[in-house]
Amino acid sequence: MNIARDIAERPGATTAPSSQMIDPFGRAITYLRISVTDRCDFRCVYCMAEDMTFLPKRDLLTLEELDRLATAFVDKGVKKLRLTGGEPLVRRNIMHLIRSLSRHLGTGALEELTITTNGSQLERFASELADCGVKRINVSLDTLDEVKFKAITRWGDLAKVMAGIRAAQKAGIKIKLNAVALKGFNDGEIPEMLRWAHGEGMDLTLIETMPLGEIDGDRTDQYLPLSAVRAGLSERFTLADIPYKTGGPARYVEVEETGGRLGFITPLTHNFCESCNRVRLTCTGTLYMCLGQEDAADLRTPLRASESNELLSNAIDEAIGRKPKGHDFIIDRETRKPAVSRHMSVTGG
Ligand code: SAM
Ligand code: SF4
């Protein structure tokens with residue numbers, strides 16, 4: 001039984017054409033995130049252990065296969081594609097894939113093609129990204145302090161990221177900064193980051209740490225609820241809730257003093273699953289229907305089994321038909337085990 005199609009075709013369903021992917025809870029899947037590599041040139045402490053074992057290169061889908069998979073999703077109603085990782089810009093020849101995928105912007109099938117990056121390689125790629133129709137990107141930045149930046153990323157260089165941000169802005173790309181809120185690390189710095197980001201015309205989104213993958217430290221020490229951050233900021237800034245949405249799970253406020261937007265992504269203190277419109281594909285062709293659940297579908301086998309897309313399309317429908325209602329993240333003081341064993345760099349943030 002194909003639940004997704006069944007629901008889509010039910011008389012009176014409030015859904016769009018049957019070419020769209022509709023999950024069992026009536027949510028249209030219009031957003032695909034692809035982790036194009038699990039590798040990275042940083043080792044952020046909340047994301048990776050310092051000594052990571054990465055996938056053997058032979059297990060990765062080729063760029064052509066990633067293109068075919070992404071295109072199958074676009075044909076089935078995906079309007080927004082985000083490349084992430086690991087660090088997407090360290091995958092060899094990544095611009096070939098981005099340039100190729102940009103054809104779907106040209107036809108109007110795709111509304112947005114974008115990336116989430118640590119910014120380390122952005123100076124090199126900014127103008128080419130803009131040329132491929134990339135209009136806005138997310139750059140992850142947890143601190144403005146060079147020494148702290150080195151400490152949190154282990155291998156990163158803040159000056160390079162800043163040069164990347166400037167290059168992207170010069171190329172006309174809008175930037176949203178993502179910062180993971182970490183207790184005792186950047187909590188005191190958030191007002192300064194907010195003023196700086198807004199002063200430079202960038203939105204800022206704060207993210208709570210999520211219990212994904214084994215890391216070297218203890219996450220219960222890092223966890224900082226954004227409800228507490230917001231309460232602290234409210235003493236210094238006037239925050240007004242606004243209905244602004246970027247197709248993601250962030251809730252936004254406008255900061256009266258700076259005139260900029262501040263987003264909160266709160267997977268642990270607020271359940272954002274009701275409006276989930278996304279699925280995630282790994283660089284080996286595994287589709288995760290939820291960031292916070294282990295269930296996944298193998299798309300590599302149907303992709304490689306035939307040159308036509310029929311098997312693949314059926315496998316996608318079957319997977320969407322299993323998309324769960326939501327996650328149940330918990331940072332557990334008793335077991336101290338991650339809720340999900342894979343790292344964020346596998347499924348992409
Ligand atoms: N390397 C790119 C980057 O850092 O932007 C893309 C991949 S990274 C996994 C995507 C986002 O996930 C980053 O903003 C990062 O801070 C965030 N992230 C990684 N591990 C996380 C965790 N355990 N909890 C919350 N956010 C996490
Ligand atoms: Fe790399 Fe991004 Fe993970 Fe940092 S958060 S280690 S930059 S994948």
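All ligand and atom numbering here is 1-based and tracks the order in the structure.
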Exercise for the section: Ignoring angles and geometry beyond distance, decide whether T117 reaches within less than 3.5 Å of ligand 1 through its nitrogen or oxygen atoms. Expected result: yes
Exercise for the section: Consider only side-chain N and O atoms of S120 and E87, and report whether a donor and an acceptor are under 3.5 Å apart. Expected result: no
Practice task
Check whether any side-chain N or O of T286 sits under 3.5 Å from a backbone N or O of T282 as a donor-acceptor pair, and report yes or no.
Solution key: no
Exercise for the section: Could you tell me which atoms of ligand 1, counted from 1 in the order shown, lie closer than 4.0 angstrom to a heavy atom of G85? Expected result: 7 (C), 9 (C)
Exercise for the section: Would you check if K323 and C276 make a side-chain contact, meaning some heavy-atom pair closer than 4.5 Å? Expected result: yes
Problem - Min N/O separation D142 to ligand 1 under 3.5 Å - result: no
Completion exercise
In terms of its nearest heavy atom to atom 2 (Fe) of ligand 2, the top option of P88, G119, C40 is C40
Completion exercise
Looking at Y223, F42, Y46, the heavy atom closest to atom 21 (C) of ligand 1 belongs to Y46
Practice task
Select one of side chain, backbone, both or neither to describe which atoms of C47 lie under 4.0 Å from any atom of ligand 2, heavy atoms only.
Solution key: side chain
Exercise for the section: Kindly indicate whether a cation-pi arrangement holds for K245 with Y252, taking the cut-offs as under 6.0 Å to the six-membered ring centre and within 45° of the axis. Expected result: no
Handout entry: S140 to ligand 2, any heavy atom closer than 4.0 Å
Key = no
Problem - Best match, E87, M48, R82, Q222: closest heavy atom to atom 2 (C) of ligand 1 - result: E87
Exercise for the section: Answer with yes or no whether the side chains of R280 and S35 bring together a donor and an acceptor at under 3.5 Å. Expected result: no
Problem - Per-atom contacts of ligand 1 with N118, taking only distances under 4.0 Å to non-hydrogen atoms - result: 2 (C), 3 (C), 4 (O), 5 (O)
Practice task
State if G86 counts as touching ligand 1 under the rule of any non-hydrogen atom under 4.0 Å.
Solution key: yes
Exercise for the section: May I ask you to list the atoms of ligand 2 that are less than 4.0 angstrom from any heavy atom of F42? Expected result: 6 (S), 7 (S)
Completion exercise
Quick note on ligand 2: atoms under 4.0 Å from a heavy atom of C44 include exactly 4 (Fe), 5 (S), 6 (S), 7 (S)
Problem - Value rounded to 0.5 Å, distance of CG in D203 from NZ in K176 - result: 7.5 Å
Practice task
Might you confirm whether atom CD of E257 has over 12 heavy atoms from other residues, nucleotides or ligands at distances under 6.0 Å?
Solution key: yes
Practice task
Look at the side chain of Q293 and the backbone N and O of C290, then say whether any donor-acceptor pair between them is shorter than 3.5 Å.
Solution key: no
Practice task
Would you indicate which of S140, A179, A181 comes nearest to atom 3 (C) of ligand 1 when only heavy atoms are counted?
Solution key: S140
Fill in the blank from the handout: Atoms of ligand 1 under 4.0 Å from any heavy atom of T84, numbered from 1 in the order shown, are 6 (C), 7 (C)
Practice task
Run the numbers for me: atoms of ligand 1, each under 4.0 Å from some heavy atom of C47, listed by number.
Solution key: 19 (C), 20 (N)
Exercise for the section: Please determine if R154 forms a cation-pi arrangement with F42, meaning its NZ or CZ atom is less than 6.0 Å from the six-membered ring centre and no more than 45° off the ring axis. Expected result: no
Exercise for the section: Please step through salt bridge (Lys or Arg N to Asp or Glu O under 4.0 Å) for the pair R251 and D241, ending with a clear verdict. Expected result: CA-CA 8 Å; R251 308 256 156 142; D241 284 307; over 6 Å; no
Problem - Distance filter under 4.0 Å to V180 heavy atoms, resulting ligand 1 atoms - result: 16 (O), 26 (N)
